[in-house]
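Okay, so here's the structure we're looking at.
All values below were derived from every heavy atom in this structure, side-chain atoms included, with hydrogens, water molecules and symmetry-related copies excluded.
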Amino acid sequence: MTESHLRRLSVTMRALEDALLDIETALHAQPDLAMTFYRDDIPHSARPAIRERIAKLREAIAAIKHRYGLDPQVISNRRRITTKLTLLSIDLTEATSRYMRAYGEVPREEQDELDTQITNLIAVVDDLNSIVGRA
């Protein structure tokens, strides 16, 4: 196979592996979040069969990796986390009253409170980013 074929196969296997990790994570106890509620609507009786299929798929991924000599992707946790935090800081900045004007003027009586809350979030996200970057 050509390099292009192998790259495409690699990308597909990583996407499958990532999806399996998401599925596996969804089968565990869900986090207590403020803005998201996960409904635990997969019957416990189905979970062993799901885990069995996940294991089969992981074995198949490993076999394909071995058969075609696919290299694993190396991801720096530091870079992954700092990139995510940087993007979140930008998103938060765009949630201030100044930038939300694109959706219509934020009522004047809400602007200061909103901006203060968002600015506090940005400060903590930026602080976290700094800690991860130094670690």
Side-chain angles (χ1 to χ4, degrees):
M1 293 201 310
T2 68
E3 275 299 310
S4 294
H5 293 136
L6 294 174
R7 240 186 330 274
R8 175 64 177 136
L9 188 56
S10 243
V11 167
T12 302
M13 292 303 104
R14 281 195 307 272
L16 177 56
E17 195 170 55
D18 288 347
L20 295 176
L21 183 59
D22 286 346
I23 294 166
E24 225 170 21
T25 300
L27 295 178
H28 295 295
Q30 298 304 309
D32 184 22
L33 303 173
M35 297 301 299
T36 305
F37 176 77
Y38 293 97
R39 184 176 302 124
D40 190 12
D41 55 357
I42 298 174
H44 287 274
S45 61
R47 293 172 192 227
I50 293 169
R51 288 188 176 98
E52 180 184 322
R53 289 349 180 262
I54 289 172
K56 283 183 181 181
L57 287 166
R58 284 213 171 105
E59 289 172 12
I61 292 168
I64 290 170
K65 176 186 182 278
H66 177 72
R67 166 73 175 93
Y68 296 103
L70 302 177
D71 293 324
Q73 181 181 27
V74 178
I75 297 176
S76 161
N77 268 337
R78 179 180 306 184
R79 178 178 240 152
R80 177 174 67 122
I81 292 168
T82 59
T83 298
K84 190 170 288 223
L85 291 170
T86 299
L87 292 172
L88 287 169
S89 184
I90 293 167
D91 286 345
L92 285 165
T93 299
E94 292 175 353
T96 59
S97 62
R98 174 180 175 210
Y99 290 96
M100 289 210 310
R101 287 183 186 138
Y103 303 97
E105 192 72 29
V106 174
R108 186 166 301 287
E109 62 274 6
E110 293 293 331
Q111 289 178 8
D112 288 340
E113 180 66 25
L114 172 67
D115 291 347
T116 298
Q117 291 174 345
I118 297 298
T119 300
N120 289 339
L121 290 172
I122 292 168
V124 175
V125 166
D126 289 348
D127 184 45
L128 178 57
N129 200 358
S130 175
I131 293 168
V132 171
R134 287 191 313 255

Quiz item: Does atom CG of D22 have more than 12 heavy-atom neighbours from other groups under 6.0 Å away?
Solution: yes
Quiz item: At what distance, to the nearest 0.5 angstrom, does CG of L6 lie from OH of Y68?
Solution: 9.0 Å
Quiz item: What distance separates I81 CD1 from I75 CD1, expressed to the nearest 0.5 Å?
Solution: 11.5 Å
Quiz item: Okay, side chain of T83, backbone of R80: is any donor-acceptor separation there less than 3.5 Å?
Solution: no
Quiz prompt | Flag, side chain of D127 to backbone of A123, donor-acceptor distance under 3.5 Å | solution = no
Quiz prompt | Distance (rounded to the nearest 0.5 Å) between K84 NZ and D91 CG | solution = 11.5 Å
Quiz item: Are any of the side-chain heavy atoms of L20 and I61 separated by less than 4.5 Å?
Solution: yes
Quiz item: Quick one: does H5's side chain have a donor or acceptor within less than 3.5 Å of a partner on T2's backbone?
Solution: yes
Quiz item: Considering only heavy atoms from C-beta outward, does the side chain of P72 approach that of K65 to under 4.5 Å?
Solution: yes
Practice problem: Kindly give the heavy-atom pair with the smallest separation between M13 and L70, and that separation in Å. | Solution: CG-CD1, 4.4 Å
Quiz item: Between Q30 and A26, is there a donor-acceptor pair closer than 3.5 Å when you use the side chain of the first and the backbone of the second?
Solution: yes
Practice problem: Could you check E24 against R58 for salt bridge (Lys or Arg N to Asp or Glu O under 4.0 Å), going step by step and ending with a plain yes or no? | Solution: CA-CA 12 Å; E24 225 170 21; R58 284 213 171 105; 3.0 Å; yes
Quiz item: Looking at V106, L114, D115, which hits side chain to side chain contact (heavy atoms under 4.5 Å, CB included) with T96?
Solution: D115
Quiz prompt | pair R14-S10: side-chain heavy atoms closer than 4.5 Å | solution = yes
Quiz item: Any side-chain donor paired with an acceptor under 3.5 Å for R8 and S4?
Solution: no
Self-check item: Evaluation steps, side chain to side chain donor-acceptor pair (under 3.5 Å), between S130 and R134
Solution: CA-CA 6 Å; S130 175; R134 287 191 313 255; 2.8 Å; yes
